[in-house]
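For reference, the structure is listed below as structure tokens.
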Amino acid sequence: MRYLTIALSKGRLTELSIDLLEGAGIDCSGLKEKTRKLILTDEKNKIRFFLAKPADVPTYVEYGAADIGIVGKDTLLEEGRDLYEVLNLGFAACRMCVAGPMELEGNMDNLTITRVATKYPEIAKEYFRHKRRESVEIIKLNGSVELAPLVGLSEVIVDLVETGKTLKENDLVILDTIAEITARMIVNRVSMKMESERINRIIVSIRDQIDMKKTQSE
Ligand code: PRP
């Protein structure tokens, strides 16, 4: 039996991803240890794991270097990779939004926006150029995007909003919601065919856990 390889996103999603995999009977103990080792293994189930930057997880899965991945929908929309999105895991819920100063609220349709700052240039491009048919300059930033309208780098931003605290504390508001975001499970297209039995077993087990959590919270 060959090893199945799972790519996990480093950061916010790591802990809950491990919980779901452990719930599916996969031994993730290696992932919890402080180690510089990049690939960890569950020998019994013939599964290997690695942690990668979220933006790289869909790349590993598209090329088949990982059979399965766990990553945010924001990253999937931004990367636009060719793979199967098999499960909405429901956790890490937030929204991809256009946000800006309060003065712009309720006025989006009359505004001429020239510059948009974002960590998500493809999502911003799709929204402004293709959906709104506006020609804007998209400025790629790597974090603290909320700074941009405060210091005059751009009129608005495209960014994730979770609790809304960052916007509120900086006197910014949501101007439009582009997409609802949660963590997703993704699968390589060839692996889905070649290893369908093992992969489906994992999918079903994780889906059952999600359904159970939903029932418990109702
Ligand atoms: C994310 C996002 C917002 C913030 C939203 O940034 O880009 O800045 O969290 O969360 P809130 O609505 O709960 O305030 P992150 O913390 O990942 O840091 P970054 O800005 O440096 O990317």
Side-chain angles (χ1 to χ4, degrees), residues 7-20 31-32 34 50-61 69-81 85 88-108 111 113-132 134 136-186 210 213 217:
L8 300 177
S9 298
K10 224 188 253 181
R12 289 175 190 232
L13 302 186
T14 313
E15 219 170 294
L16 286 168
S17 305
I18 292 175
D19 287 351
L20 281 179
L31 278 173
K32 295 181 189 160
K34 264 213 153 93
F50 62 83
L51 285 168
K53 289 257 184 195
D56 295 337
V57 169
T59 313
Y60 285 107
V61 172
I70 294 183
V71 70
K73 180 69 180 175
D74 52 332
T75 307
L76 291 176
L77 291 171
E78 182 63 22
E79 296 297 315
R81 293 284 176 180
E85 186 185 314
N88 182 348
L89 302 173
F91 66 84
C94 52
R95 286 187 286 166
M96 184 64 70
C97 293
V98 182
M102 279 178 212
E103 310 86 82
L104 306 188
E105 204 171 12
N107 209 13
M108 269 289 274
L111 286 173
I113 292 163
T114 56
R115 288 185 301 193
V116 178
T118 186
K119 273 188 288 190
Y120 301 92
E122 291 304 321
I123 294 175
K125 204 190 292 171
E126 169 68 23
Y127 175 82
F128 280 97
R129 300 209 182 130
H130 302 134
K131 272 211 195 101
R132 290 182 64 93
E134 284 177 60
V136 295
E137 184 178 349
I138 312 252
I139 303 171
K140 165 92 198 283
L141 290 179
N142 296 296
S144 302
V145 177
E146 292 84 356
L147 252 178
L150 305 181
V151 295
L153 179 64
S154 68
E155 291 103 330
V156 299
I157 59 171
V158 166
D159 199 16
L160 287 176
V161 179
E162 192 181 351
T163 60
K165 195 165 178 272
T166 313
L167 290 183
K168 196 157 185 272
E169 290 193 3
N170 292 292
D171 298 320
L172 299 169
V173 293
I174 293 176
L175 301 170
D176 200 3
T177 298
I178 300 175
E180 300 290 337
I181 305 292
T182 45
R184 308 293 161 110
M185 182 168 157
I186 54 176
I210 297 167
K213 273 187 203 145
S217 66

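Counting convention: from 1, in listed order, for ligands and their atoms alike.
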[X]: numbered ligand 1 atoms lying under 4.0 Å from its heavy atoms:
| X | result |
| --- | --- |
| Leu160 | 2 (C), 3 (C), 5 (C) |
| Val161 | 12 (O) |
| Thr163 | 11 (P), 12 (O), 13 (O), 14 (O) |
| Ser144 | 19 (P), 20 (O), 21 (O) |
| Glu146 | 3 (C), 8 (O) |

Is any N or O atom of Gly164, backbone or side chain, closer than 3.5 Å to an N or O atom of ligand 1?
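Yes.
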
Has ligand 1 got any nitrogen or oxygen that is less than 3.5 angstrom from a nitrogen or oxygen of Lys119?
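Among all N and O atoms of Lys119, at least one is under 3.5 Å from an N or O of ligand 1.
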
From [X] [atom1] over to [Y] [atom2], what is the distance, rounded to the nearest 0.5 angstrom?
| X | Y | atom1 | atom2 | result |
| --- | --- | --- | --- | --- |
| Lys53 | Thr59 | NZ | OG1 | 13.5 Å |
| Leu175 | Leu167 | CG | CG | 9.0 Å |
| Asp74 | Arg184 | CG | CZ | 9.5 Å |
| Leu76 | Arg81 | CG | CZ | 11.0 Å |
| Leu153 | Leu141 | CG | CG | 6.0 Å |
| Leu77 | Glu85 | CG | CD | 8.0 Å |

Please write down residue, atom name and distance for the protein heavy atom closest to atom 4 (C) of ligand 1.
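Checking every protein heavy atom, the shortest distance to atom 4 (C) of ligand 1 gives Thr166 OG1, 3.8 Å.
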
For atom 16 (O) of ligand 1, closest protein heavy-atom neighbour
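Sorting protein heavy atoms by distance from atom 16 (O) of ligand 1 puts Arg12 NH2, 2.7 Å first.
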
Are Lys119 and Glu78 within salt-bridge range, i.e. N to O under 4.0 Å?
no

